[in-house]
Structure formats: structure tokens, C-alpha cells
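Here the structure comes first, spelled out in C-alpha cells, and everything after it is commentary.
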Amino acid sequence: MIIEFEKKDFNIKHIFECGQAFRWYDDGDHFTSIHKGKVIYIREEENKIYINSPLEDFDSKIWEKYFDLKKDYGKIKNSLIDNEELNKAKEFGYGIRILKQDEFETIISFIISANNMIPRIKKSIETISSMYGDLIFEDEKRRYYSFPSPERLASADPKDLRKYARVGFRDERIVTASKMLLEPSFNINLLKNMETDILREKLIELPGVGPKVADCILLFGFGRAEVFPVDVWIKRVMEELFIGEEVPKSKIKLYANKYFGNLAGYAQQYLFYYGRENNIGKERKKENKAK
DNA sequence: TAGCAGGACGTAA
DNA sequence: TTACGTCCTGCT
């Protein structure tokens with residue numbers, strides 16, 4: 001079974017490489033992605049996108065939701081302020097979409113992301129899935145495992161997470177957060193219905209979740225598109241392109257809100273991808289250090 | 001081999 | 001409220 005649609009505001013590479021997701025592979029002529037215990041192959045041809053699954057139980061609705069296909073990203077881009085630098089970023093990452101990822105997986109993934117780098121985060125998540133998830137499929141490239149349930153991760157030994165999944169000091173955080181997420185006050189349906197600021201406070205109760213990680217979870221796991229996560233990259237990019245001077249991390253959000261309003265999350269993705277791929281702000285940082 | 005990159009968190013000012 | 005040192009791994 002297959003989903004097929006017009007290639008408009010959709011670029012597979014942009015979607016997966018803009019730093020929002022970790023369970024995907026660039027397999028040359030196609031990308032492979034794992035989500036909610038399912039595997040898909042996704043490829044672009046001329047002006048069409050094809051998503052197909054090697055598994056029997058293919059539910060196109062899951063993937064429509066995951067890729068946010070109902071949303072008109074052209075319209076979003078047009079609604080963002082007309083700013084020269086932002087326009088460049090929009091053009092550069094023209095096919096970015098914000099994925100709607102599984103809530104639990106997003107929480108654990110971004111706890112792992114703290115003080116960490118994307119290739120290492122990907123490796124840790126892959127190992128964790130192979131240790132505590134279920135084998136769902138195998139092709140000539142690799143074996144695919146589902147991301148473990150909160151129950152499975154709650155009973156994991158932090159020492160194993162450290163030793164095999166190389167998560168370092170995040171080991172206890174992962175297990176404790178998984179345990180807390182099994183408590184009634186963290187019931188997923190309860191969380192889903194919370195107002196964004198309340199939900200952020202709730203998420204920060206989890207060990208390993210601070211303001212930045214909470215914002216990533218809100219944006220990528222709970223679909224709160226008005227949220228603007230501030231990491232070292234986006235800080236540099238905002239300072240370089242919009243603010244013109246170094247400001248504390250806490251101030252960056254105020255600028256984002258002023259410029260992008262409730263579309264801040266989309267702007268963040270275009271700017272993050274554009275800034276990181278082009279090393280924006282990094283040179284200036286080096287210069288400052290040399291002084 | 002030492003240095004660096006990357007957020008959370010505890011402590012101190 | 002802000003500023004700092006520490007927690008790890010993997011790369012150069």
C-alpha cells in the first residue's frame with residue numbers, strides 16, 4: 001500500500017535533517033523512518049512524494065498526521081513577516097514540515113538531547129529501541145525496533161543505558177522520567193488537553209527537562225506550533241540576523257514572539273536549519289573568543 | 001593529549 | 001534573576 005501526493009512544501013531531506021527527529025535513515029534513493037511501531041520508505045520523484053510500507057498493516061492516517069499533511073505550509077510561509085533574512089531561511093528550507101511525533105518518544109529523545117549532538121542522540125535512541133523495544137521488521141539494510149513503552153523503560157537499569165546506549169549522566173533521568181510518566185497526573189490525555197504554559201510547567205517537573213527541552217517536546221510531540229525552543233544555534237542566528245547584539249537566552253523568546261507571534265515554531269525550524277547548515281553566527285562567536 | 005560541543009541542575013551571589 | 005561549575009561522550 002502506498003500514499004502518493006503532490007510535492008508541494010515537502011522536502012524529505014529538509015524535514016528529517018532540520019533537527020526535530022532522530023529515527024530516520026538516509027538510504028540514498030529514499031529515506032526510511034520509524035514511527036509508532038511502523039516502518040516506511042519515503043521517496044521523491046519529479047513532483048510527487050511516495051510513502052510506502054513494507055508491513056501489512058499500513059494506515060495512511062498515521063502518516064498524514066505525522067507529516068502534518070493537512071496543513072498548508074505555503075500559507076504559513078506567507079503569513080510570516082516579510083523579512084529579508086527570514087525569507088532566505090524559508091527559501092533554503094522550503095520543504096520543512098513540523099512532524100507530529102509520539103509524545104513519550106519525544107520526551108525521552110529530548111531528555112537525551114541535552115548537552116548532546118544529533119549523531120550521538122540517534123545512536124543512543126537506536127540502541128535503546130533495540131534493547132527495550134520490539135523487533136518489527138528487517139530489511140537488507142538493518143533491523144527495525146519500535147521505541148519502547150514507558151513501562152519497559154521504567155524498569156530499565158540506568159547502568160545498562162549508560163553502558164550500552166552511551167547516554168552518560170542522562171541515565172537516571174530517562175528511567176525516572178519514564179516512571180513518572182506512568183503516574184496518573186502525567187496521563188497522556190490529560191497532558192494533551194492542557195494549555196501550553198501549564199503543560200510546559202508540568203513537563204519541567206520531569207528530571208532532565210528544562211525550558212529548552214520542554215519547548216522541543218511541546219513543538220514536536222504536542223503540536224504546539226507557537227513555541228520557540230532556544231538552543232545555542234537559534235540564539236546565535238537570532239542575534240546575528242535579527243537582534244544585532246548578544247543578549248541573554250531568556251530574552252531571545254521575547255524577540256521571537258514579537259517577530260513571529262503564534263507561528264514562532266515554524267520560523268524556528270526555518271531559521272535553525274538555515275543557520276546551522278550555513279554556520280550563521282558561529283564565525284562571530286569565534287572572533288569574540290579570540291579577543 | 002587536551003580541548004571542545006551541547007542543556008539541566010544545583011549552588012551561590 | 002543571573003552566573004557559575006559539573007555531569008558525559010566522541011571527535012579533532
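All values reported here derive from a predicted model rather than from experimental measurement. Lettering follows sequence order; numbering is per chain, from 1.
Proximity of W233(A) to the phosphate of dG6(B): a side-chain N or O atom is located under 4.0 Å from OP1 or OP2.
If you check the side chains of D9(A) and Y94(A), you find no donor sitting under 3.5 Å from an acceptor. With no hydrogens or angles considered, a side-chain donor-acceptor pair links R142(A) and Y144(A) at under 3.5 Å. For the 3.5 Å distance criterion, the side chains of K202(A) and S185(A) qualify, holding a donor opposite an acceptor. Side-chain N/O atoms of K71(A) and Y266(A) include a donor and acceptor closer than 3.5 Å. In summary, the side chains of R224(A) and T196(A) do present a donor paired with an acceptor at a separation below 3.5 Å, with no hydrogens or angles considered.
The side chain of K123(A) approaches dC11(C) more closely than any other nucleotide in the set dC11(C), dG10(C), dA8(B). Of the candidate nucleotides dT2(C), dG6(B), dA8(B), dT2(C) has the atom lying nearest to any side-chain atom of K251(A). Comparing dA8(B), dA5(B), dT2(C) by their nearest atom to the side chain of M117(A) picks out dA5(B).
Here P207(A) lies in heavy-atom contact (under 4.0 Å) with sugar-phosphate atoms only. Note on L206(A): only backbone sugar-phosphate atoms sit closer than 4.0 angstrom, heavy atoms only; bases stay farther off.
Heavy-atom contacts from other residues, nucleotides or ligands closer than 6.0 Å to NZ of K13(A) number 12 or fewer.
A donor-acceptor contact under 3.5 Å is not formed by the side chain of N116(A) with the base of dG6(B).
F92(A) has its ring centre no less than 6.0 Å from the ring centre of Y270(A).
K36(A) forms no cation-pi arrangement with W63(A), by the criterion of a distance under 6.0 Å to the ring centre and an angle within 45° of the ring axis.
A heavy-atom distance below 4.0 Å to DNA chain C is reached by these residues of residues 162-182 of chain A, ordered by number: R162(A), R166(A), G168(A), F169(A).
Rotation axes derived from the C1' atoms of the five outermost pairs at either end of the helix from dA2(B)-dT12(C) to dA13(B)-dT1(C) lie 40° apart, to the nearest 10°.
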